[in-house]
Amino acid sequence: AFDGEKEWRDELDWLALNGVNVVLDATAQEEVWRRFLGKLGYDHASIKDYIAGPAYYAWAYMANLSGFGGPVHDSWFVERTELARQNQLIMRKLGMEPCLQGYSGMVPTNIKNYDASAPIIEQGVWCSFQRPAMLVTTNAKFDEYAALFYECQKEVYGDVSDYYATDPFHEGGKTGGMNAADISENVLKSMLDADQDSIWIIQAWQGNPTTALLNGLDRIENGAQHALVLELYAGRTPH
């Protein structure tokens with residue numbers, strides 16, 4: 001989370017030498033969220049209250065917590081954006097693509113103060129941390145928010161990748177009774193609307209992905225060709 005130019009270059013060289021060609025990279029996602037929430041009406045201070053501190057981004061971007069460890073200094077947004085753009089240029093020179101964030105509906109718990117029509121499912125807590133809310137994936141508002149998120153992400157990074165990682169309702173998330181196939185169909189559709197060549201990277205972890213979630217991909221023509229499941233725990237409980 002705190003690596004600078006030298007540490008990242010050493011890491012990218014090591015990955016390239018080992019044949020890695022897709023690199024999960026959440027650097028400067030804070031700037032994506034700053035722009036995304038700003039376009040939804042949040043002021044700068046409110047946005048910084050929502051964004052977690054750097055040590056907690058692994059959980060924040062999986063919708064497990066928000067705000068904890070923050071706020072970051074204003075200079076953080078500028079510095080990390082510059083670093084991300086530089087790193088992604090190096091990746092392309094080394095034959096790599098970054099894997100960016102996909103959107104599956106995460107919003108702040110107070111989103112209705114800014115958009116009263118946003119249909120949300122409260123997610124409660126995760127390990128005592130307040131989780132962000134999730135949009136109802138089958139509602140048209142989800143498509144609107146997803147399009148805005150990908151638009152903001154492209155503003156920050158440019159057109160640098162076709163790989164996107166997101167795990168809807170991760171680690172005990174509440175789906176509000178929605179079918180997992182409906183969720184995955186809409187998540188993938190919004191991704192393809194933003195990038196027709198997109199590949200959705202899904203992590204196999206605990207109960208995910210369910211059979212229903214995978215079946216939802218097949219509702220879209222060649223949908224399964226636009227998904228890559230990473231088996232994170234195969235050494236212990238392979239699926």
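Although no hydrogens or angles enter the test, the distance criterion places a donor-acceptor pair under 3.5 Å between the side chain of K174 and the main chain of Q123. In this structure, the side chain of S161 engages the main chain of P98 through a donor-acceptor pair within 3.5 Å. For R80 (side chain) and T27 (main-chain N/O), no donor-acceptor pair under 3.5 Å exists by modelled atom type. Looking at E97, its side chain does come within 3.5 Å of a backbone N or O of D162 through a donor-acceptor pair.
Between I202 and L213 there is a side-chain heavy-atom pair separated by less than 4.5 Å. Side-chain contact between F77 and V72 is present, with at least one heavy-atom pair separated by less than 4.5 Å. Taking 4.5 Å as the limit, every side-chain heavy atom of W205 sits out of range of all side-chain heavy atoms of D167. A heavy-atom distance below 4.5 Å is found between the side chains of Y114 and S46. Here the side chains of D182 and R219 are in contact, with some heavy-atom distance below 4.5 Å. Considering only heavy atoms from C-beta on, E185 comes within 4.5 Å of I220 through its side chain. Contact annotation: the side chain of L100 approaches that of V160 to within less than 4.5 Å [non-hydrogen atoms, C-beta and beyond]. Annotation: side chain of F149 is not in contact with side chain of S190 (no heavy-atom distance under 4.5 Å).
Note on ring orientation: taking the six-membered ring where Trp is involved, the planes of W76 and Y57 are tilted (angle from 30° to 60°). Classification of the F142-Y103 ring pair by plane angle, with boundaries at 30° and 60°, yields parallel.
E11 is linked by a salt bridge (charged side-chain N to carboxylate O under 4.0 Å, His left out) to nothing, counting only residues two or more places apart in sequence or in another chain. Evaluation of the ring pair (Phe, Tyr, Trp, His ring centres under 6.0 Å) rule for Y163 yields no partner, not counting sequence neighbours. By the side chain to side chain donor-acceptor pair (under 3.5 Å) test, R85 is found to be paired with no residue, residues two or more places apart in sequence or in another chain being considered.
Q130 approaches G124 most closely through the heavy-atom pair NE2-O, 3.2 Å. Nearest approach of I199 to Q225, heavy atoms of both residues: CD1-O, 3.6 Å.
Note on Y61: it clusters hydrophobically with L135, by side-chain heavy-atom contacts below 4.5 Å among ILVMFWY residues. Both L192 and L148 are part of a single hydrophobic cluster, where members link through side-chain heavy atoms under 4.5 Å apart. V22 and Y157 fall into different hydrophobic clusters, defined by Ile, Leu, Val, Met, Phe, Trp and Tyr side-chain heavy atoms under 4.5 Å apart, directly or through other members. In terms of hydrophobic clustering, with Ile, Leu, Val, Met, Phe, Trp and Tyr side chains grouped at heavy-atom distances under 4.5 Å, I47 and L65 are assigned to different clusters.
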Passes salt bridge (Lys or Arg N to Asp or Glu O under 4.0 Å), K154 versus E151? Steps please.
-> CA-CA 5 Å; K154 190 167 287 188; E151 175 188 308; over 6 Å; no
Tell me, with the steps shown, if Q206 and Y233 meet side-chain contact (heavy atoms from CB on, under 4.5 Å).
-> CA-CA 8 Å; Q206 297 184 353; Y233 212 34; over 6 Å; no
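For the ring pair (Phe, Tyr, Trp, His ring centres under 6.0 Å) with F68, the lone residue among Y56, Y50, W126 that qualifies is Y56.
Under the ring-ring contact (aromatic ring centres under 6.0 Å, His included) criterion, no residue pair touches residues 206-227, with sequence neighbours excluded.
For the 3.5 Å distance criterion, the side chains of Y42 and D49 fail to qualify, holding no donor opposite an acceptor. When only modelled atom types and interatomic distance are considered, Q153 and Q29 share a side-chain donor-acceptor pair under 3.5 Å.
Grouping Ile, Leu, Val, Met, Phe, Trp and Tyr by side-chain contacts under 4.5 Å, direct or through others, puts W14 with W8, L12, L15, V20, V23, L83, I90, M91, L94, M96. If you chain together ILVMFWY residues whose side-chain heavy atoms come under 4.5 Å of each other, V125 ends up in a group of its own.
Under 4.0 Å is where a charged nitrogen must lie from a carboxylate oxygen, and between E30 and R34 no such pair does.
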